[in-house]
Amino acid sequence: MSVRINPDKCIACTTCVVHCPVAEATPKFLGPRMIGPAYERFRLLGLTEDPSLHYCANCKNCDISCPHGVPVSSLNMMARADQFKKHSPGLRDWVLGHGELMAKWLRLIPAAIKNFGMLNPVTRAVLDALGIDKRAPLPAFAPQTFRQLMQHVHQPDLKRSVVFYPGCYVDVYDPRTGLDMVWAMNRAGYKVIVPEELVCCGLPMVANGFWQHARSNAEHNLKALGQWRDAGLPVVTGCPSCALMFRVDLPEYFPDLAEKYGACRLADAQEFLLDAVDSGDLSVKADGKPTNLPDLKLIYHAPCHLRAQGNGLPGLELLRRLDGVTVENADAGCCGISGSYGFKKEKYDIAQTVGSELFDKIRKSGAQAAVSECGTCRVQITHGSGKFSLHPVSILRQRLEAR
Ligand code: SF4
Ligand code: SF4
């Protein structure tokens, strides 16, 4: 590891311990203060390696709460990467860290066969033996990826353009949300460019211990996005985890790359659309026109990786601008999934415990659907609460198309 974060800003106030959902859910995790800054001093001297480190979900709630700005989650991820230099991560972690690459390898196989092959009880038992819990809500492959579908989308001739970074989840499992985003951007007056050469932001690789792979993806993306940034085009994503990776984590993990290629702060697509509403570019009001849809009651979950950016909740605000829609903010903490954390056999029950307050609130809300920007949060919400869940931009499209 070339760069390490100085742990000495920590004053041991324990605020982060109170806000860590994993420390609350299981005694197996010693908590952010201990595993982060306290043990880092020993790790720098080569004196400790604690297995409890692997229970950190990289959810960032410690970073959000720390009054001294200690990036505890980054300390943990860097320490984990160091440990994995000595003990390589296993096959299970490789699979969970390289979802995009797996999808590329399997792209010639029809989705129905892939999904049958991956999700049938026999394969799930094999995956369970490998360490992916058989109860975990693994998402199904979409028949075509978002990028494949985009080749057939005819966008209107618009003067302004925006670059869209879909993220692996939208590309491989949830292209419908990506198409809804393109529709909304077109409606706001922007033609959408989806650069072919972009790859996974690297966050799943970091969380699963593949530090050098994450670095290589970061370099690839920074090179690819530089030309668009330099051309003055906005670059947006609807995925809070991808945005967090580019905005906060990459400069912290790989400062040399940030210096070499310049920062590339992906803008939050929901914030971008909210600005378009405020500037009058995107009309969301019915203006007396009747809508074909009945009123809608929703419950919103703010992903931890969105809250960690300190940028407000623009997806929620966007929903609140829509006629005939009422939205409750669940405000019930982490859903537990943290990317692929909640899929792991030794962590599945912890993730369900972490998300239980949110699931209860959603179940009791009386809402017709749950809404959240993060794809794996949506999978976990539906698994834990039984409630169908959508991205805010899909609700936006449904409501605006109906008039
Ligand atoms: S990391 Fe921050 S919140 Fe946690 S104990 Fe140290 S100073 Fe307090
Ligand atoms: S990232 Fe999340 S799980 Fe890890 S120490 Fe921080 S709050 Fe706890």
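Because only heavy atoms are used, hydrogens play no part in the values below, and waters and symmetry mates are left out as well, while side chains stay in. Predicted model, so just to flag it, every value in this text is computed and none were measured. For ligands, and for the atoms within them, numbers begin at 1 and follow the listed sequence.
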Exercise. Does ligand 2 have any atom that is closer than 4.0 Å to a heavy atom of A57?
Worked result: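 True for this residue.
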Problem set entry | Non-hydrogen atom of F29 closer than 4.0 Å to ligand 2 |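 Within the 4.0 Å threshold, so yes.
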Search all heavy atoms of [X] against all heavy atoms of [Y] and return the closest pair with its distance.
X    : Y    : result
I11  : H68  : CD1-NE2, 3.3 Å
R399 : L322 : CG-CD1, 4.1 Å
V22  : A57  : CG2-CB, 4.0 Å
V72  : P32  : CG1-O, 3.4 Å

Which residue and non-hydrogen atom of the protein lie closest to [atom], and at what distance in Å?
atom                    : answer
atom 4 (Fe) of ligand 2 : C56 SG, 2.3 Å
atom 8 (Fe) of ligand 2 : C20 SG, 2.4 Å
atom 6 (Fe) of ligand 2 : C62 SG, 2.2 Å

Exercise. Would the F84 and H54 ring centres measure less than 6.0 Å apart?
Worked result: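 Judged by ring-centre distance (under 6.0 Å), F84 and H54 do meet the cut-off.
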For this session: Report yes or no: does E252 contribute a side-chain atom to a donor-acceptor pair with the main-chain N or O of S74 at less than 3.5 Å?
Result: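 Answer holds: no.
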Exercise. Hey, does the side chain of R92 reach the backbone of G131 with a donor-acceptor pair shorter than 3.5 angstrom?
Worked result: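 Answer holds: yes.
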Problem set entry | salt bridge (charged side-chain N to carboxylate O under 4.0 Å, His left out) between K60 and D249, worked out | CA-CA 11 Å; K60 312 274 179 187; D249 290 347; 2.9 Å; yes
Just checking, any donor-acceptor pair under 3.5 angstrom between side chains of [X] and [Y]?
X    : Y    : result
Q309 : N311 : no
S65  : T15  : no
N76  : S73  : no

Can you list the atoms of ligand 2 that are under 4.0 Å from a heavy atom of [X]?
X   : value
V22 : 3 (S)
K60 : 1 (S), 2 (Fe)
N58 : 1 (S), 4 (Fe)
N76 : 5 (S)
S73 : 1 (S)

Exercise. Which atoms of the protein, restricted to N, O or S, are nearer than 2.8 Å to atom 6 (Fe) of ligand 1?
Worked result: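 Metal shell, protein only: C10 SG.
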Exercise. Is C59 close enough to atom 2 (Fe) of ligand 2 to have an N, O or S atom under 2.8 Å?
Worked result: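 C59 does place an N, O or S atom closer than 2.8 Å to atom 2 (Fe) of ligand 2.
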Problem set entry | K134 atom NZ, neighbour heavy-atom count above 12 within 6.0 Å |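 Incorrect, the count does not exceed 12.
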For this session: Please confirm whether S65 comes under 4.0 Å of ligand 1, counting heavy atoms of the residue only.
Result: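 The answer is no: ligand 1 sits nowhere under 4.0 Å from a heavy atom of S65.
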Exercise. Short list, please: which atoms of ligand 1 are under 4.0 Å from a heavy atom of P67?
Worked result: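 Contacts of ligand 1 toward P67, numbered from 1: 3 (S).
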